[in-house]
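Remarks on the structure that follows.
Naming: A, B, ... by sequence-line order, numbering from 1 per chain.
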Number of protein chains: 4
Amino acid sequence: MKFKISSGLSYRVKADTTFFFNIQAAQTESQTVTEEQIITTPAKLKLESFDLGIRKARFLRVQVPKTDFFEITYTATAELKLKPVRLKEGNLHLSKISPDAISYLFPSRYCQTDRLYKFAEMEFGSIKTTYGKVQAISNWIYKHVHYVGGSTNASTSSIETITQREGVCRDFAHLGIALCRAISIPARYFACYAYQLNPPDFHACFEAYIDGRWILFDATRMVPQHGLIKIAHGYDAADTSFANIYGEADALNVVVSCEALDKRRFDKQADKLKVVNYA
Amino acid sequence: MKFKISSGLSYRVKADTTFFFNIQAAQTESQTVTEEQIITTPAKLKLESFDLGIRKARFLRVQVPKTDFFEITYTATAELKLKPVRLKEGNLHLSKISPDAISYLFPSRYCQTDRLYKFAEMEFGSIKTTYGKVQAISNWIYKHVHYVGGSTNASTSSIETITQREGVCRDFAHLGIALCRAISIPARYFACYAYQLNPPDFHACFEAYIDGRWILFDATRMVPQHGLIKIAHGYDAADTSFANIYGEADALNVVVSCEALDKRRFDKQADKLKVVNYA
Amino acid sequence: MKFKISSGLSYRVKADTTFFFNIQAAQTESQTVTEEQIITTPAKLKLESFDLGIRKARFLRVQVPKTDFFEITYTATAELKLKPVRLKEGNLHLSKISPDAISYLFPSRYCQTDRLYKFAEMEFGSIKTTYGKVQAISNWIYKHVHYVGGSTNASTSSIETITQREGVCRDFAHLGIALCRAISIPARYFACYAYQLNPPDFHACFEAYIDGRWILFDATRMVPQHGLIKIAHGYDAADTSFANIYGEADALNVVVSCEALDKRRFDKQADKLKVVNYA
Amino acid sequence: MKFKISSGLSYRVKADTTFFFNIQAAQTESQTVTEEQIITTPAKLKLESFDLGIRKARFLRVQVPKTDFFEITYTATAELKLKPVRLKEGNLHLSKISPDAISYLFPSRYCQTDRLYKFAEMEFGSIKTTYGKVQAISNWIYKHVHYVGGSTNASTSSIETITQREGVCRDFAHLGIALCRAISIPARYFACYAYQLNPPDFHACFEAYIDGRWILFDATRMVPQHGLIKIAHGYDAADTSFANIYGEADALNVVVSCEALDKRRFDKQADKLKVVNYA
């Protein structure tokens, strides 16, 4: 399945500013990215690309002087090769999980696992399989948290979401992660482009480590789970934000799009790809 | 300078439990660790050692069945080769810092940078050099936060410390990190053994990225800055905790020690090593 | 039903200190207090008694100079005349409730109603009667929050309790109040002596305004609801604390007792007094 | 000094709603209110006026059925007779303050005094007189908190304001109150109309209990301190909000005005009325 993705972000830059963008699709085993293009206005800016270690994230650092209009536009074609996942496990044993997964057990900025142990244990602790637990967490969030655009901000974390019970995709993902970790299931943030997201925007889901693989969950249920183009995974939105800005700049506009090149084939795959691993 | 370090942690294990210990001294450019020994009681336990990627941390995973007394003891000799640091910078420019340092700009579990921008800018923003800023942050914490043993817990974060104004070394470090990041200075947590710490215990400081190097700061002023044996650095205590426990266990005892093998030489170095980089 | 109640509080007073005690049983329509005695050690202290307006609370102000041992002891006999309550309402209408009850709709220190609207509406909003709603709230707390002595402190509020899911009687009461107010039911804190509380201590419950009367609820289910001797009601523990201390004093001991003078008669009343109004 | 005050609040009411308005000027020793008029659209609504006990507040309860446009308009003339205050005190002694003032020592919803003891003691504890302390608190807030319209919401409390350092008049007042109480000075919220407030709106200040009188402080420094028409005082905004709404209604508009009838005389009084008691 091929997708055409693009994003355009524009700013008024009031003083010398360093931007770290995280908007490029990731190169992974199941995702091949081609025809990538990055264009900036003004055109001649210092632009660097780099990885941040174990977490998948291709940061762009752009140094922008004062200007009334700065824009960065990214376009690419991404090909997804997802295979159906057959889970066979009982319960994950922490003595066997890969070292890579371990740090996704720890609390992070927006996922204060350390304050949710009792809640998570009480609600989900008695469910038998790891997959069943995460499924129950995702369902609980879908049922108990209202999706309300604009209801939260950059400081909103899982603790607020679990009490105030409203938020956007980012908040749904954070709560999912926090609750998984609270019952000893590694979980991480998944930032992406999403086919059929309405209105179009960047999207966020979460992945839980089940049976040795990272399985995708989207507690918002807003889009099909097999039409996501991964930008990055990480602890939470703190290390996967699409833009980190150091300096002085006002956001003007964000335009995101994600189109499937063969829609009929996409729809046909829905049944086979209910449990997905973005390897 | 050589140091003899050791730690012993004991637990009553009430059900099968997975421990992740982070108590081994790090192998770094400026620190050589030899004569390491890890002993457990009971003796025959599955014990694995591994790294967690870019962050320095040598985790030990130990699987322990139900037992009234489980103990892990670590001893080692660590040799420190610190060189005096001569800082020559004006202000760090984010367009030039190493990619490795960038993720230490982001907020983390105990360092909610995103809620401290105004405070940090107002108090420290006008200071000229990066070193001057971090020095001022460290002094501010020393002056405004009281060291009170037992006053905080595993959920206490920089937001509480800055209002409630009491804490232990961990809280001092978290606040230092949060404030540095809030004025665009990468900062990270530094977990260590500390010579002359009284009472003996694990210790925590923070490192700020200045002039391309990680410079150590200890806002508690409890120990000399050139007698620290690094265990790990990380975002904050969430990923450098000396023990993460998954299962059911009650802590019984923690015994830590750190002795210099040549005390007179250590004292003599104090003047030269006021600004330190644990490379 | 007559009860013999007493409390003794002792302190080391390190500097001139003003105490405000709130330990005397209230004089109400359904509760007659006699044979009251207040004794202090040292004996000659300035001691004043006064009311704090609409909230029932008989504060004692005691001025204590530096002393190694200060104690205040209160003993009294309280006679309760509770009548069975027959509720006949559908839903309370705010246009008809007494002005006295209105301020118990507002958020207070430990009951941050303003952050729990969605949660309360979602969980309890569809229940038909006001009594049914409060009953469901009380049951929800009993089921979802663990009573763990010493798990919370003077800053713990309903927001923490609803996420961390542990606490003591005070926390159970705060959460009950916060949730009632969040669905427009006036609710207040009820500080009391409690017969059969084990171990003996001060106790706290909450009252909800139903059908024009204040009905008692105890989400801890630790004691029979018809053996409570009211000390005070108020917004929450902030204005009904048994001791407010201004100066410098360390608490040494708290001893509380509450005995029924006719235990068999007390037990017999249990069935009739399941829904209680401490008028 | 006479002032002409008015306020008009309009709403779209989507279902039967009970409003509690707190917009009428208070009748006090120093403030006489005449020519009061309350008009509602639609005209025939059930409207009740009542007091809420010891706190000054004249609530209006209005029952409004579903309607696209509901408006309540209040107009009045208020005459202020303020006298210069001459403070003669050293330090307030809690053993002598009036019982009425005592409950203003306790923490409340937006003023979490219990978490600010150390901060307040450290910053203001050593100042000699009570007036000096409160003056220092008010100056500290003015200097360290930025007035940023729209930066906070109905859940913002003094704990957020002291760290995030921005807010509106309500937040400035809450922080002032919290800090006063933290060093044992009774303090309360003062909701008012304010002459020369720009843009016109409801305003909020705080009063501290000094030398037996409630002295007004306005940490925003936005208006002269002798042109305030008191609506209510209370613990904090939780019990003095200009509108509490139970039902379903969207706010459409708020229009507030406050005009001095003799501007020259008002300006002349400024020097004499720098320390003010709205008795």
Kindly indicate whether the side chain of [X], heavy atoms from C-beta on, has any atom under 4.5 Å from the side chain of [Y].
X	Y	value
D:His144	B:Lys118	no
D:Lys143	B:Met122	no
B:Arg165	D:Arg115	no

A quick test of your reading: do over 12 heavy atoms of other residues, nucleotides or ligands sit less than 6.0 Å from OH of D:Tyr147?
yes
More than 12 non-hydrogen atoms from neighbouring residues, nucleotides or ligands closer than 6.0 Å to OH on D:Tyr142, yes or no?
no
Value for CD1 (D:Ile159) from OG1 (B:Thr163), rounded to nearest 0.5 Å, stands at 4.5 Å
